[in-house]
Amino acid sequence: MVCGASISGLLAARALADTFDSVTVVERDALPEGVGQRPGAPQGNHLHQLLSSGLRVLEEFFPGLATELLRKGAPALDTRDLSQAYLEIGGHALLRDGSLADPDALNIVLASRPLLESVVRDRVRALANVDVVDGHDAIGPVLRGGAVAALRVSDRATGRERELPADVIVDAGGRGGRTPAWLADNGFRRPDEHTYRVQLTYATQLFRVSADMHEKVAIISPSLHRPTGAGLIAYEADTVIFTLIGVAGHQLPTDRAGILAGADHHLPAHLGAMLRAAEPIGSVQHRRYPSSVWRRYDKLAALPHGLLVIGDAVCSLNPVYGQGMTSAALQARVLHKTVAETGAEEVGRAYFRAAAKRIAPLWQGNRLNDFAVTPVDGWARWPQRVFNAYTTRFMAVASFDRVLTETFLRVLQGVDSGPALVTPGRVARVAAGTRRGARRC
Ligand SMILES: Cc1cc2nc3c(=O)[nH]c(=O)nc-3n(C[C@H](O)[C@H](O)[C@H](O)COP(=O)(O)OP(=O)(O)OC[C@H]3O[C@@H](n4cnc5c(N)ncnc54)[C@H](O)[C@@H]3O)c2cc1C
């Protein structure tokens, strides 16, 4: 039994379907047929990109998914042509000519969040042993003898409640998932929460463009000296999403004129002009993201047998780095393996511990990156100052160094981990490039 049919819930269902005879996904929303926004996933209105590393995991679960997304109109970012991306980090634009040395290592498909979710949902619905029940609220597990026995659900249309028998229940209800409260109500400890403030704001407008766009992605990061940034991605059906990003509580415009002014301010001039000529679709969407949260289920001494949690309900990461769906995919991969190895009774501890090992590097990377852009929660301590100074130099040199540009893109897309940025070879390259850069000035 899976609560929530967003990305984590769908991937959890796919993972469980290889071990269990029957899997039911319970979703509160009435799910759209095909591609569509829905109230339970309001983040779908905003800039979304699935990292290359996340797409790799999704391909393991759903072979041919990338090709299907491309067939449905999602553009691909061609890593043989770096001019298709404009990335400005810490005030430095990355190299924009030529190709990556290993372009096939990155598979970047630019599907909107609703398209991605609908394709994954259809793949899950097509599994013979998975049933998706929408329009139902998951109320909570029913326990018998210390193990989950059923999930209590309520039909949102009629209010009728019933119990669906279950050996395993996976809470994929997102950041607001109910498991901590449910544990407390049933005599268990709540998981400890690691949190840190982000105070992020998104303001987004979707557009339809008539001309073919050469740049498929433009990201301008906020910095310690500028509390705003911006992101633009070309999606399917000639649509382009543009998001203004505010950090440290910075207020963003709420109207289209303000969004376009923000585009002019952040983007290269021709992209700002392109948005002014484009047709807006719908209204400006806003979203606040107060803090990143990691609930440490892996540290709990006692949990009911068969009760699991996945995705944002475990760890909600600052969305600016686009890691949330990849984190969900990595957790689903762990679920797939542990449930096959241990069965329903014993899966909990093994799953939470193994999932925490996948989450930890994402969490640490997220936090470290935040120190480079967000002046909240201890950013001024000396290790962060050293990291920030190194990152600034790295980006400055990457603006003319192909190797550093490629290193950065691989880490950004989750193909390599953060330490790849600070190997002795890369540190030496940054130092040499900094000296060369100084001579250029
Ligand atoms: C503004 C923003 C931008 C983001 N950008 C990116 C990005 O670029 N790349 C990326 O990888 N990630 C991004 N993320 C994160 C990403 O959206 C999530 O990590 C991803 O959706 C996985 O979340 P989830 O499935 O765990 O939870 P959610 O997506 O929050 O879904 C929870 C689901 O559970 C349902 N539900 C909740 N309670 C119940 C209940 N009691 N009963 C039944 N159903 C219930 C909800 O209706 C919903 O469908 C972004 C997030 C935000 C907020």
Side-chain angles (χ1 to χ4, degrees), residues 1-13 24-32 37-55 57-58 108 110-114 116-117 120-121 132-141 151-156 164 169-179 181-182 198 200-204 217 219 231 233 235 241 243-246 285-293 295 309-332 355 359 362 366 412-414:
M1 197 69 59
V2 179
C3 313
S6 183
I7 292 294
S8 305
L10 294 169
L11 295 178
T24 304
V25 185
V26 177
E27 166 57 46
R28 175 188 285 163
D29 281 352
L31 292 170
Q37 299 285 359
R38 59 189 184 84
Q43 70 270 36
N45 289 300
H46 297 276
L47 193 79
H48 252 76
Q49 196 242 316
L50 175 64
L51 301 183
S52 187
S53 53
L55 181 55
V57 182
L58 262 64
I108 302 175
L110 304 170
S112 71
R113 165 65 193 238
L116 178 65
E117 195 178 297
V120 172
R121 189 166 59 232
V132 179
V133 178
D134 63 353
H136 280 68
D137 247 318
I139 299 171
L151 177 68
R152 191 152 193 83
V153 300
S154 144
D155 184 328
R156 284 168 75 85
L164 304 175
I169 294 175
V170 184
D171 175 6
R175 187 186 168 101
R178 294 179 176 175
T179 299
W182 182 89
V198 174
L200 190 75
T201 315
Y202 272 28
T204 300
V217 173
I219 305 286
I233 299 184
Y235 286 150
I241 200 161
T243 293
L244 279 176
I245 301 163
Q285 302 289 318
H286 267 260
R287 190 156 175 92
R288 285 181 194 287
Y289 181 90
S291 57
S292 296
V293 182
R295 301 193 175 108
V309 190
I310 195 168
D312 281 16
V314 177
C315 183
S316 164
L317 295 156
N318 180 346
V320 154
Y321 310 108
Q323 296 165 314
M325 296 187 289
T326 297
S327 169
L330 292 170
Q331 292 170 63
I359 293 169
L362 297 175
N366 220 253
L412 189 70
Q413 289 296 320

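Worth saying up front: this structure is predicted, and the values here are computed from it rather than measured. Read the numbers this way: they start at 1 and go in the same order the structure lists the ligands and their atoms.
Checked against a 3.5 angstrom limit, the closest N/O atoms of R38 and ligand 1 fall inside it. For ligand 1, the polar-atom distance check against D312 finds a nitrogen or oxygen pair separated by under 3.5 Å. At under 3.5 Å, not a single nitrogen or oxygen of Y202, backbone or side chain, sits near a nitrogen or oxygen of ligand 1. Taking any N or O of A328, backbone or side chain, none lies under 3.5 Å from an N or O belonging to ligand 1. In terms of polar-atom proximity, defined here as any N/O pair under 3.5 Å, G311 makes no such contact with ligand 1. Considering backbone and side-chain N/O atoms, M325 comes within less than 3.5 Å of an N/O atom of ligand 1.
Residue, atom and distance of the protein heavy atom nearest to atom 29 (O) of ligand 1 are S6 OG, 2.7 Å. Nearest protein neighbour of atom 44 (N) of ligand 1, counting heavy atoms only, is R28 N, 3.1 Å. Remark: minimum distance from atom 27 (O) of ligand 1 to any protein heavy atom is reached at G174 CA, 3.3 Å. Remark: minimum distance from atom 9 (N) of ligand 1 to any protein heavy atom is reached at Q49 O, 2.9 Å.
To the nearest 0.5 Å, atoms CD (Q285) and CD1 (I241) are separated by 9.0 Å.
Considering G4, G324, A329 only, the shortest heavy-atom separation from atom 15 (C) of ligand 1 involves G324. For atom 48 (C) of ligand 1, the choice among A5, G40, P42, G9 with the nearest heavy atom turns out to be G40. Of the candidates P39, P319, G173, it is G173 that places a heavy atom closest to atom 32 (C) of ligand 1. Residue H48 holds the heavy atom nearest to atom 4 (C) of ligand 1 of all those in R175, H48, R287, Q323. With distances taken over non-hydrogen atoms, the option nearest atom 49 (O) of ligand 1 out of R113, H46, E27 is E27.
Counting heavy atoms closer than 4.0 Å to ligand 1, residue A138 contributes atoms from both its backbone and its side chain. The parts of S8 lying near ligand 1 are both backbone and side chain, judged by heavy-atom distances below 4.0 Å. The proximity of I139 to ligand 1, defined as any non-hydrogen pair under 4.0 Å, does not occur for either the backbone or the side chain. By the criterion of a heavy-atom distance under 4.0 Å, neither the backbone nor the side chain of L51 is placed next to ligand 1.
Counting the atoms of ligand 1 from 1 in the order shown, those under 4.0 Å from a heavy atom of L47 are 3 (C), 5 (N), 8 (O). Shown in contact with D137 at under 4.0 Å from a heavy atom are these atoms of ligand 1, numbered in order with element: 40 (C), 41 (N), 42 (N). Proximity to V26 (heavy-atom distance under 4.0 Å) selects the following atoms of ligand 1: 43 (C), 44 (N). Annotation for ligand 1: atoms under 4.0 Å from non-hydrogen atoms of G322 are 7 (C), 8 (O), 9 (N), 10 (C), 11 (O).
Side-chain contact check for S291 and R175: at least one donor-acceptor pair (N or O, by modelled atom type) lies under 3.5 Å. Checked by atom type, the side-chain pair Q49/Q413 shows a donor-acceptor distance below 3.5 Å. For the residue pair T179 and D171, a side-chain donor N or O sits within less than 3.5 Å of a side-chain acceptor on the partner. A donor and an acceptor atom, one from each side chain of S316 and Y289, are located under 3.5 Å apart.
In this structure, Y289 does not count as a contact residue of ligand 1, since none of its heavy atoms falls inside 4.0 Å of the ligand. Residue contacts with ligand 1 do not include L50, since none of its heavy atoms lies under 4.0 Å from the ligand. Ligand 1 lies within reach of A172, whose nearest heavy atom is under 4.0 Å from it.
Looking at R121, its side chain never comes within 3.5 Å of a backbone N or O of S6 through a donor-acceptor pair. A donor-acceptor pair under 3.5 Å is absent between the side-chain atoms of R28 and the main chain of D134, judged by distance alone. Checked by atom type and distance alone, the side chain of N366 pairs as donor or acceptor with a backbone atom of N318 at under 3.5 Å.
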Going through the distances and angles, do E27 and R38 end up as a salt bridge (charged side-chain N to carboxylate O under 4.0 Å, His left out)?
CA-CA 11 Å; E27 166 57 46; R38 59 189 184 84; 3.4 Å; yes
Verify side chain to side chain donor-acceptor pair (under 3.5 Å) between H46 and T243, making sure each step is shown before the conclusion.
CA-CA 7 Å; H46 297 276; T243 293; 4.7 Å; no
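The side-chain tip of R113 does not point at the ring of Y235 from less than 6.0 angstrom away and within 45° of straight on.
Summarising the geometry of L51 relative to G322, their closest heavy-atom pair is CG-O, 3.2 Å, with the distance given to 0.1 Å.
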